[in-house]
Structures are given as structure tokens and as C-alpha cells.
Amino acid sequence: QVQLVESGGGLVQAGGSLRLSCAASGRTFSTYAMGWSRQAPGKEREFVAAVSWRGMTTYAESVMGRFTISRDNVKNTVFLQMNSLKPEDTAVYYCAASNQYTKLPGDYDYWGQGTQVTVSS
């Protein structure tokens with residue numbers, strides 16, 4: 001069992017930056033692939049970024065070049081550095097853990113409660 005707690009969300013102006021953190025606890029964090037997904041009001045939850053247990057990363061096209069996912073296996077934490085934020089990035093951002101390196105939100109096994117990111121224009 002894995003517990004995930006996101007933090008770092010908030011209000012930011014378009015073009016600004018924000019860094020999200022996800023603290024993981026429970027069974028051997030380092031063996032899990034970690035991902036970030038987001039859900040805007042009235043929208044389906046969409047994949048944002050993922051990092052494998054060895055550090056391989058992948059991103060949704062919409063955030064490519066602007067967002068960076070990373071992990072610290074010693075601190076059991078995953079991060080999402082968000083730069084050049086746009087109003088369309090506004091959503092609740094969820095941290096997730098999976099035994100598989102995947103871009104599909106439905107494939108993740110554990111989820112955090114989410115943190116709100118609001119980008120104003």
C-alpha cells in the first residue's frame with residue numbers, strides 16, 4: 001500500500017512557475033513508476049508526466065518543454081516543476097503511483113488527493 005500527498009499548488013500568473021511535490025509513504029517507493037495527471041472542471045483526467053523507477057521520463061505534448069518531472073528516491077518524493085504556465089494548465093493535479101511506466105491515468109494503482117493549480121491570465 002502506498003499513500004501519496006501532494007503539495008505546492010496555488011495561484012500563479014500566466015508565464016509564471018510553480019513546483020509541485022508529492023510525498024510517498026508505504027511499501028518500497030523506489031520500485032514504482034510515478035506520474036502526474038490533472039483534471040480541469042468538466043474535463044476528463046489527463047496524463048501530464050511520468051517518471052520510471054530508474055528516472056526515465058515522458059510527457060504529454062501539451063506540457064513538453066515546460067514541465068519537468070523528477071524523483072528523489074531517498075526522500076520518497078516526486079516533483080513536478082511547471083514553467084511558462086498557461087491558463088489552460090489550470091486543474092487539480094494528482095500524484096499517482098504505478099507498477100508500470102504508463103501514460104494512462106487508469107493504469108495507476110494509487111492516487112493522492114490532488115492539489116489545485118490556478119493560472120490567471
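Under the 4.5 Å side-chain heavy-atom criterion for grouping Ile, Leu, Val, Met, Phe, Trp and Tyr, Tyr32 is connected to Leu20 within one hydrophobic cluster. Taking hydrophobic clusters as Ile, Leu, Val, Met, Phe, Trp and Tyr residues chained together by side-chain heavy-atom distances below 4.5 Å, Val63 shares a cluster with Val12.
Shortest non-hydrogen contact noted between Thr77 and Ala23 is OG1-CA, 4.4 Å. When every heavy atom of Trp111 is checked against every heavy atom of Pro105, the shortest pair comes out as CZ2-O, 3.0 Å. The two residues Ser120 and Leu11 have their closest heavy-atom pair at CB-CD1, 4.3 Å. When every heavy atom of Ala14 is checked against every heavy atom of Ser121, the shortest pair comes out as CB-CA, 4.4 Å. Cys22 and Trp36 make their closest contact through CB-CZ2, 3.7 Å (heavy atoms, listed as atom of the first residue, atom of the second, distance).
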Verdict with supporting geometry, Gln3 and Ser25, side-chain hydrogen bond (donor to acceptor under 3.5 Å, both in side chains) = CA-CA 5 Å; Gln3 293 81 46; Ser25 62; 3.3 Å; yes

message = With side-chain contact (heavy atoms from CB on, under 4.5 Å) as the criterion, how do Val78 and Leu80 come out once you've worked through the C-alpha distance, each side chain's angles and the decisive distance to 0.1 Å?
response = CA-CA 7 Å; Val78 62; Leu80 185 68; over 6 Å; no

inquiry  = Run Thr68 and Phe79 through side-chain contact (heavy atoms from CB on, under 4.5 Å) and show every step you take.
reply    = CA-CA 8 Å; Thr68 302; Phe79 305 95; over 6 Å; no

ask   = Can you check side-chain hydrogen bond (donor to acceptor under 3.5 Å, both in side chains) on Ser17 and Asn83, steps first, answer last?
value = CA-CA 4 Å; Ser17 298; Asn83 299 325; 2.9 Å; yes

task = Before giving the answer on side-chain contact (heavy atoms from CB on, under 4.5 Å), spell out for Tyr93 and Met82 the whole-Å C-alpha distance, their side-chain angles and the decisive distance to 0.1 Å.
result = CA-CA 11 Å; Tyr93 283 70; Met82 304 184 293; 3.8 Å; yes

Verdict with reasoning, Thr90 to Gln116, per side-chain contact (heavy atoms from CB on, under 4.5 Å) = CA-CA 8 Å; Thr90 296; Gln116 177 70 48; 4.0 Å; yes

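Side-chain N or O atoms of Arg66 include one that pairs as donor or acceptor with a backbone N or O of Ser84 at under 3.5 Å. No side-chain donor-acceptor contact under 3.5 Å links Asn73 to the backbone of Asn76. A side-chain donor-acceptor contact under 3.5 Å links Glu6 to the backbone of Gln113. Without hydrogens or angle criteria, Tyr101 side chain to Met56 main chain gives a donor-acceptor distance under 3.5 Å. With hydrogens and angles disregarded, a donor-acceptor distance shorter than 3.5 Å links the side chain of Arg71 to the backbone of Ser52.
Between the OG atom of Ser62 and the CD atom of Glu46 there is a distance of 5.5 Å, given to the nearest 0.5 Å. Distance check: Phe67 CZ to Leu18 CG gives 9.0 Å after rounding to the nearest 0.5 Å. The SG atom of Cys95 sits 7.5 Å away from atom CD1 of Ile69, with the distance rounded to the nearest 0.5 Å. If you take OG on Ser37 and NZ on Lys103, they are separated by 12.5 Å, rounding to the nearest 0.5 Å. For the atom pair Ser98 OG and Met34 CE, the distance stands at 9.5 Å (nearest 0.5 Å). With rounding to the nearest 0.5 angstrom, the OG1 atom of Thr58 is 5.0 Å from the CZ atom of Phe47.
Annotation: side chain of Val2 is not in contact with side chain of Asp109 (no heavy-atom distance under 4.5 Å). Annotation: side chain of Tyr94 is in contact with side chain of Arg45 (closest heavy-atom distance under 4.5 Å).
Dense packing is recorded around CE of Met64, with more than 12 heavy atoms of other residues, nucleotides or ligands lying under 6.0 Å away.
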